[in-house]
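Report on the structure given below.
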Protein chains: 2
Amino acid sequence: MATIRDVARKAGVSVATVSRALNDKGYVHEDTRKAINEAIKELNYKPNEVARSLYKKKSRLIGLLLPDIRNPFFPELARGVEDIMQESGYRLIIGNADEKPEKENDYIQTFIQNNVIGIISASHTEKKHYKHLTCPVVFLDRTSEPFPSVFADGYSGGKMAVREIIRRGSKRITLLRGPIEVKTAQDRFKGALDELCRANVDFNVMTMASFAYHDASKCAKEIFEKFPDTDGVIASNDIAAAAILHEAIRKGKLIPNDLQIIGFDDIPLSGLLFPPLSTIKQPAYEMGREAAKLLIKLINNEPIQNQMIQMPVTFIERQTTRKVEENG
Amino acid sequence: MATIRDVARKAGVSVATVSRALNDKGYVHEDTRKAINEAIKELNYKPNEVARSLYKKKSRLIGLLLPDIRNPFFPELARGVEDIMQESGYRLIIGNADEKPEKENDYIQTFIQNNVIGIISASHTEKKHYKHLTCPVVFLDRTSEPFPSVFADGYSGGKMAVREIIRRGSKRITLLRGPIEVKTAQDRFKGALDELCRANVDFNVMTMASFAYHDASKCAKEIFEKFPDTDGVIASNDIAAAAILHEAIRKGKLIPNDLQIIGFDDIPLSGLLFPPLSTIKQPAYEMGREAAKLLIKLINNEPIQNQMIQMPVTFIERQTTRKVEENG
DNA sequence: CCTGAATATGTAATCGGTTACATATGAGGG
DNA sequence: CCCTCATATGTAACCGATTACATATTCAGG
């Protein structure tokens with residue numbers, strides 16, 4: 001690999017001049033610049049980011065912390081982040097925290113040790129890991145008070161799901177509650193619960209241990225045993241909804257006539273289920289983009305009007321809910 | 001952030017001694033070591049990876065290049081890579097090449113500029129990008145001749161799919177062919193084609209423009225128009241299979257009685273479809289792990305017995321194929 | 001008591017950039 | 001003609017680690 005010294009030698013100038021030419025800082029004569037550019041081309045010189053980063057104490061890397069790459073919701077977020085960062089010349093170090101505080105902390109340390117210029121975290125289990133960081137941090141999907149965040153309006157989403165399922169005729173509703181430790185899941189739950197209390201319907205609540213399909217599946221079986229007359233399920237996410245849907249079909253229920261189901265997230269899977277799943281959509285890709293834009297503003301010290309960006313959710317009507325016209 | 005100099009000062013020794021203590025190199029007196037460790041703890045010192053990397057010309061970062069994080073197959077690979085790398089103390093920079101040669105090259109440059117110690121690429125569009133790299137490269141899922149690779153046995157997979165579908169009674173088979181530029185898709189196709197030729201059945205071939213659901217969906221409609229009497233479809237991947245399945249159900253076909261479908265990949269989605277999709281499984285997570293292990297060996301200059309690791313595929317029998325007993 | 005190896009530690013160069021500061025030249029104003 | 005300022009470039013310190021080499025001490029063996 002050619003270094004800046006090689007370029008300087010070839011162009012017959014000092015390294016300082018080359019550096020100035022590279023960064024468009026200070027004065028460089030037009031002829032000199034031309035000579036330098038030629039030398040750069042001939043030597044196929046690329047500046048060493050590591051050296052630059054060491055002096056500047058800032059790299060062009062962004063740390064992105066996800067709880068689980070395999071949950072399709074997160075790659076969607078990641079893709080949004082990646083697209084914006086790529087455009088702006090930043091690169092991503094991605095970490096998989098696996099919902100484990102030590103792994104999370106390990107990655108944060110790695111990020112810091114590599115001079116990342118900012119961090120986006122969709123996985124904060126413990127606030128203290130972030131408290132003393134000197135680089136800007138944006139939380140994505142999950143929130144943590146003093147920090148800027150981008151998240152979907154889960155509370156409204158929960159309410160929306162209940163309103164839609166009731167409007168379409170469910171009378172005995174089962175509400176799935178996501179893992180207690182996942183705050184966004186609790187927001188949805190809270191919204192749904194409030195709306196259920198306001199409405200004139202019977203309902204049950206069932207809490208899931210995790211978002212894993214396996215747990216959801218177990219939960220599904222339990223629902224049909226304990227509450228066989230349920231005619232509407234609000235799931236805590238689409239994976240859970242898929243499990244319920246599966247189990248219902250196995251039991252010979254007609255969807256949506258015997259049972260309506262509404263999920264949450266709108267992952268790519270949802271439209272491919274049969275019947276396609278009605279769900280509350282979180283704009284994951286857009287959320288990723290917004291988080292990236294917010295972080296870039298923070299990095300550039302631009303003024304922020306709003307550092308808690310709440311994204312709207314929407315009801316995606318597919319075929320696990322009845323058509324509104326079909327019922328009263 | 002505390003530096004090695006702060007530690008040295010606090011412990012009353014020179015930086016060289018601290019460095020030796022940190023890296024377990026050369027002689028360090030037990031008492032000195034203790035004092036240093038204390039200083040490190042008190043100052044909460046973490047070595048600066050950037051400085052280390054500058055001197056050593058090697059970081060602890062691995063570049064992982066994916067064609068598309070949103071295709072669930074790739075996060076699965078990534079997770080396998082990540083788990084192994086994490087264990088061995090390496091970290092990942094992930095890039096999304098989007099099947100675009102310039103983006104691919106951009107990322108490779110970034111990797112190099114950040115002193116990555118190795119690269120795993122699941123996205124080689126042009127061999128020349130990799131030719132002159134000085135760090136080890138492993139290809140994952142796709143192969144490129146002189147380079148070490150980990151990939152699934154697509155050819156056998158294709159044969160296997162045909163054998164299984166015929167064994168279960170399909171007589172008029174439609175074979176979907178994946179995008180020409182994706183070599184692994186062509187391997188599957190080739191395997192399936194060879195086996196179809198050998199068998200005593202009618203068949204058609206239809207080529208897909210891309211693996212996107214949208215294209216697959218269009219393709220599905222076309223199949224049922226052009227070849228209405230098809231009673232078995234070998235899809236080029238599970239996304240395509242899902243599209244076919246969807247369309248078939250919409251047309252009122254009974255699956256698997258009227259039509260059998262076999263996919264390829266076994267992404268998490270596949271088991272959640274209705275009916276659950278029979279498919280040829282690629283061990284994606286394992287492939288990621290193997291690629292990571294192979295790269296680590298290359299990094300450590302360990303002897304490699306086999307640098308083309310072909311992973312076996314397996315037939316996952318779910319419910320888009322008939323039970324073997326049910327037919328002759 | 002002397003010598004050489006093992007142990008223990010320090011000094012300073014180095015990695016490849018950036019930049020503060022010094023220096024040099026030429027143009028324009030008084 | 002001198003002074004000042006804009007332009008152009010070079011010198012060397014610096015970022016925070018690693019390590020080659022030098023130096024100092026201790027101890028065993030002859």
Side-chain angles (χ1 to χ4, degrees), chain A residues 1-37 39-40 43-61 89 109-117 134-135, chain B residues 1-37 39-40 43-61 89 109-117 134-135:
Chain A
M1 267 275 113
T3 74
I4 197 171
R5 266 161 256 273
D6 300 329
V7 175
R9 200 173 314 127
K10 184 144 218 150
V13 296
S14 75
V15 291
T17 305
V18 177
S19 178
R20 275 189 292 263
L22 280 173
N23 300 298
D24 271 322
K25 257 184 193 159
Y27 298 109
V28 179
H29 192 98
E30 213 28 66
D31 298 348
T32 313
R33 188 182 298 272
K34 227 174 274 172
I36 291 174
N37 285 335
I40 288 178
L43 295 168
N44 188 29
Y45 166 75
K46 310 273 174 191
N48 181 325
E49 277 298 325
V50 176
R52 176 178 275 173
S53 158
L54 176 60
Y55 184 88
K56 302 258 243 168
K57 305 197 182 187
K58 278 179 184 182
S59 70
R60 290 182 176 154
L61 297 172
Q109 293 308 327
T110 303
F111 290 166
I112 299 304
Q113 288 177 18
N114 283 287
N115 277 356
V116 297
I117 196 174
T134 51
C135 68
Chain B
M1 265 277 113
T3 73
I4 198 171
R5 264 162 257 275
D6 300 328
V7 175
R9 202 174 312 127
K10 183 145 217 148
V13 296
S14 76
V15 291
T17 306
V18 178
S19 178
R20 274 189 293 263
L22 280 172
N23 300 297
D24 272 322
K25 256 183 196 162
Y27 297 109
V28 179
H29 196 275
E30 214 27 66
D31 298 347
T32 313
R33 188 182 299 270
K34 228 174 272 170
I36 290 173
N37 285 335
I40 287 178
L43 295 169
N44 188 28
Y45 166 76
K46 310 273 175 193
N48 181 325
E49 278 297 326
V50 176
R52 177 177 275 172
S53 158
L54 176 60
Y55 185 87
K56 302 259 242 167
K57 304 198 183 187
K58 278 180 183 181
S59 70
R60 291 184 175 152
L61 297 173
Q109 292 308 327
T110 302
F111 291 164
I112 299 304
Q113 287 177 17
N114 283 287
N115 276 357
V116 297
I117 196 174
T134 51
C135 68

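Only heavy atoms go into these numbers, but all of them, side chains included; no hydrogens, no water, no symmetry mates. Convention: sequence-line order gives letters A, B, ...; per-chain numbering from 1.
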- Note on the structure: Here the residues of residues 5-15 of chain B within 4.0 Å heavy-atom distance, strictly under, of DNA chain D are B:Arg5

- Message: As a test of reading the structure: which of C:dG17, C:dG10, C:dT18 is closest to the side chain of A:Ser19, going by heavy atoms?
- Response: C:dT18

- Taking only N and O in the side chain of B:Lys57, is any of them less than 4.0 Å away from OP1 or OP2 of C:dT14? no

- How far does the helix from C:dC1-D:dG30 to C:dG30-D:dC1 bend, going by the axes of its first and last five pairs, to the nearest 10°? 60°

- Task: Name all residues meeting the side-chain contact (heavy atoms from CB on, under 4.5 Å) criterion together with A:Lys46; count only those two or more places apart in sequence or in a different chain, and write none if there are none.
- Result: A:Asn44, B:Gln109, B:Gln113

- Contact check, residues 20-28 of chain A vs DNA chain C, heavy-atom distance under 4.0 Å, returns A:Asn23, A:Lys25

- Task: Give the nucleotide from the list C:dG10, D:dC15, C:dT9 with an atom nearest to the side chain of A:Leu54.
- Result: D:dC15

- Query: The side chain of B:His29 lies closest to which of these nucleotides: D:dT19, D:dT9, C:dT9?
  - Reply: C:dT9

- Task: Ignoring the backbone of B:Ala16, work out which of C:dT9, C:dA12, C:dT19 is nearest its side chain.
- Result: C:dA12

Please list, one pair per line, the donor and acceptor atoms closer than 3.5 Å that link side chains of residues 19-33 of chain B to other protein atoms, with sequence neighbours excluded.
from    : atom 1 : to      : atom 2 : distance (Å)
B:Ser19 : OG     : B:Asn23 : ND2    : 3.4
B:Asn23 : OD1    : B:Arg52 : NH2    : 3.4
B:Asn23 : ND2    : B:Ser19 : O      : 2.9
B:Asp24 : OD1    : B:Arg33 : NH1    : 3.1
B:His29 : ND1    : B:Asp31 : N      : 3.1

- With sequence neighbours left out, what residues match B:Arg5 under salt bridge (Lys or Arg N to Asp or Glu O under 4.0 Å)? none

- Note on the structure: Taking C:dC15, C:dT18, D:dA17 as options, the one with an atom nearest any side-chain atom of A:Tyr55 is C:dT18

- Message: Counting only side-chain nitrogens and oxygens, does B:Ser53 get under 4.0 Å of the OP1 or OP2 atom of C:dC15?
- Response: no

